[in-house]
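Remarks on the structure that follows.
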Amino acid sequence: MSSITGKTRVCGIIGDPIEHTMSPAMHNAAFKALGLDYAYLAFRVRKEALKNAIAGLKALGIAGLNVTIPHKVDIMPLLDKLDPLAEKMGAVNTVVNEDGILTGYNTDAPGFLQALKSSGIEPKDKKIVVIGAGGAAKGITFVLAEAGAGLVILNRTPSRAEELAAQMARFYKQGLKAMALSEANLEKALAGADVLVNTTSAGMVPDVDLTLVPARLLRADIAVFDIVYNPRETRLLREAKAAGARTIGGLDMLVWQGALAFEKWTGHKAPFEIMKQAAVKALQHEK
Ligand code: ATR
């Protein structure tokens, strides 16, 4: 933003904790680059204050919101409309306020898909191995299935992988398997796989030496996507690169989810590279 005026429109992010978010850096850089009279702020909103925060959003005419932990699910009944994808995923990370009508969207998983496609991988008919079965895995497996990929989900707690596969089987018919996360199962799953995705927090600071995939199972013909963005290159990505594989880091997913939200609020094409540079800089400041 260049200067705040009486006409400046406000966007922001709600969550708790929120002080480490990179979203204000990304969005304000994008507003500035496009000369848009918008400003983006971070708001720490406690769980019990969510309802009042949403009423306040309407009263103040805040144009758009990102939503992060712990509000992504709890916000859903407080909105006027839900995008079908957000409804299917059971989580909202973006709200658009149109004249007091609040619509909830999910740009997290579409952000993942954009990052994958931007690196040259079309998921249709690919065999994709997903590690993890939590909230992040849910969105990612849904968009991948929607895009026509065959999926194998491996999770430390096997019942969660089975539960996720069962939820998905209601919507999608193509190959869908669930397994316990073990070296033997990983080896089986990776035979003939095109892409491996880590949706868990394994390898994130401070546990930077942790990886769930033994290096001997990585190959040049399996692209590896790690949703962890801090560090930018996790041990998994480093070992995949050493095996000659294409690698995609979580920062691209983060920036794409922001870019897609930006486009919903402003109607302008998001300046992806500018947003990415701002996110990289913000991440460096964190250290
Ligand atoms: P999120 O919403 O970020 O996905 P989550 O719902 O808590 O968070 O899910 C975290 C996922 O990472 C789970 O699949 C979890 O495995 P469990 O279901 O067995 O708990 C997985 N995970 C986290 N740390 C892990 C580790 N050290 N080893 C294996 N899996 C791990």
Side-chain angles (χ1 to χ4, degrees), residues 13-18 20-23 47 66-76 85-86 88-94 104-113 115-116 128-145 151-168 176-190 196-215 217-218 224-231 234-237 239-240 248-254 256-258:
I13 181 164
I14 57 168
D16 185 19
I18 202 64
H20 298 295
T21 177
M22 294 184 287
S23 293
K47 228 173 161 20
N66 280 135
V67 183
T68 187
I69 292 164
H71 305 307
K72 287 187 180 191
V73 179
D74 293 351
I75 198 171
M76 297 180 74
L85 184 73
K88 215 181 212 178
M89 287 175 187
V92 160
N93 82 317
T94 300
Y105 296 88
N106 190 311
T107 70
D108 284 323
F112 167 85
L113 198 61
L116 189 71
I128 303 189
V129 176
V130 175
I131 302 179
K138 186 173 174 186
I140 286 170
T141 48
F142 268 72
V143 290
L144 286 175
L151 295 170
V152 184
I153 305 166
L154 295 104
N155 197 47
R156 178 175 60 183
T157 310
S159 59
R160 286 186 88 189
E162 279 152 23
E163 207 175 293
L164 179 57
Q167 271 180 34
M168 291 181 55
L176 196 68
K177 272 188 228 155
M179 293 179 176
L181 179 63
S182 68
E183 189 164 339
N185 281 346
L186 259 177
E187 185 160 14
K188 245 185 272 166
L190 288 172
L196 168 69
V197 186
N198 172 48
T199 72
T200 78
S201 55
M204 187 166 81
V205 287
D207 298 317
V208 294
D209 291 329
L210 183 61
T211 177
L212 302 179
V213 187
L217 299 180
L218 299 166
V224 178
F225 196 135
D226 195 338
I227 74 160
V228 171
Y229 61 80
N230 192 11
T234 58
R235 178 173 169 191
L236 172 62
L237 291 185
E239 292 178 347
I248 311 141
L251 196 74
D252 281 11
M253 173 178 175
L254 178 84
W256 271 113
Q257 71 68 34

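All ligand and atom numbering here is 1-based and tracks the order in the structure. Below, all heavy atoms of this structure are taken into account, side chains as well, without hydrogens, waters or symmetry copies.
- In summary, the atoms of ligand 1 found under 4.0 Å from a heavy atom of T200, numbered by their order in the structure, are 12 (O), 21 (C), 22 (N).
- Contact annotation for N155 and ligand 1: only side-chain heavy atoms (C-beta onward) come within less than 4.0 Å of the ligand.
- The residue from G139, G134, S159 that puts a heavy atom closest to atom 5 (P) of ligand 1 is G134.
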message = Checking F112 against L144 for the side chain to side chain contact (heavy atoms under 4.5 Å, CB included) test, could you report, in this order, the C-alpha distance in whole Å, the side-chain angles of both residues, the deciding distance, and whether it holds?
response = CA-CA 9 Å; F112 167 85; L144 286 175; 3.8 Å; yes
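- A donor-acceptor pair under 3.5 Å is absent between the side-chain atoms of E239 and the main chain of L236, judged by distance alone.
- Those atoms of ligand 1 that come under 4.0 Å of a heavy atom in A136, given as number and element, are 1 (P), 2 (O), 4 (O).
- The closest side-chain heavy-atom distance from T68 to N66 is not below 4.5 Å.
- Ligand 1 has A133 within reach: a non-hydrogen atom of the residue lies less than 4.0 Å from it.
- Side chain of N106 to main chain of A91: a donor-acceptor pair is present (N/O by atom type, distance under 3.5 Å, no hydrogens or angles).
- Residue A202 has no N or O atom closer than 3.5 Å to an N or O atom of ligand 1.
- More than 12 heavy atoms of other shown residues, nucleotides or ligands fall within 6.0 angstrom of atom CE in M76.
- Atom numbering of ligand 1 starts at 1 in the shown order; those under 4.0 Å from a heavy atom of G132 are 14 (O).
- Annotation for ligand 1: atoms under 4.0 Å from non-hydrogen atoms of G135 are 1 (P), 2 (O), 4 (O), 6 (O).
- At a 3.5 angstrom cut-off on N or O pairs, T199 does not count as close to ligand 1.
- Nearest protein heavy-atom contact of atom 17 (P) of ligand 1 is T157 OG1, 3.4 Å.
- Closest protein heavy atom to atom 31 (C) of ligand 1: R156 CZ, 3.7 Å.
- Looking at I131 against ligand 1, nothing comes within 4.0 Å, counting heavy atoms.
- Two residues are said to be in side-chain contact when any heavy atoms from C-beta on lie closer than 4.5 Å; D108 and M89 fail this criterion.
- For atom 7 (O) of ligand 1, no protein heavy-atom neighbour is found at a distance under 4.0 Å.
- Panel note: side chain N185, backbone M179; no donor-acceptor pair is recorded below 3.5 Å.
- Side chains of T234 and D226: a donor-acceptor N/O pair is present below 3.5 angstrom, by distance only.
- By the neighbour-count criterion of 12 heavy atoms within 6.0 Å, atom OH of Y229 is sparsely surrounded, having that number or fewer from other residues, nucleotides or ligands.
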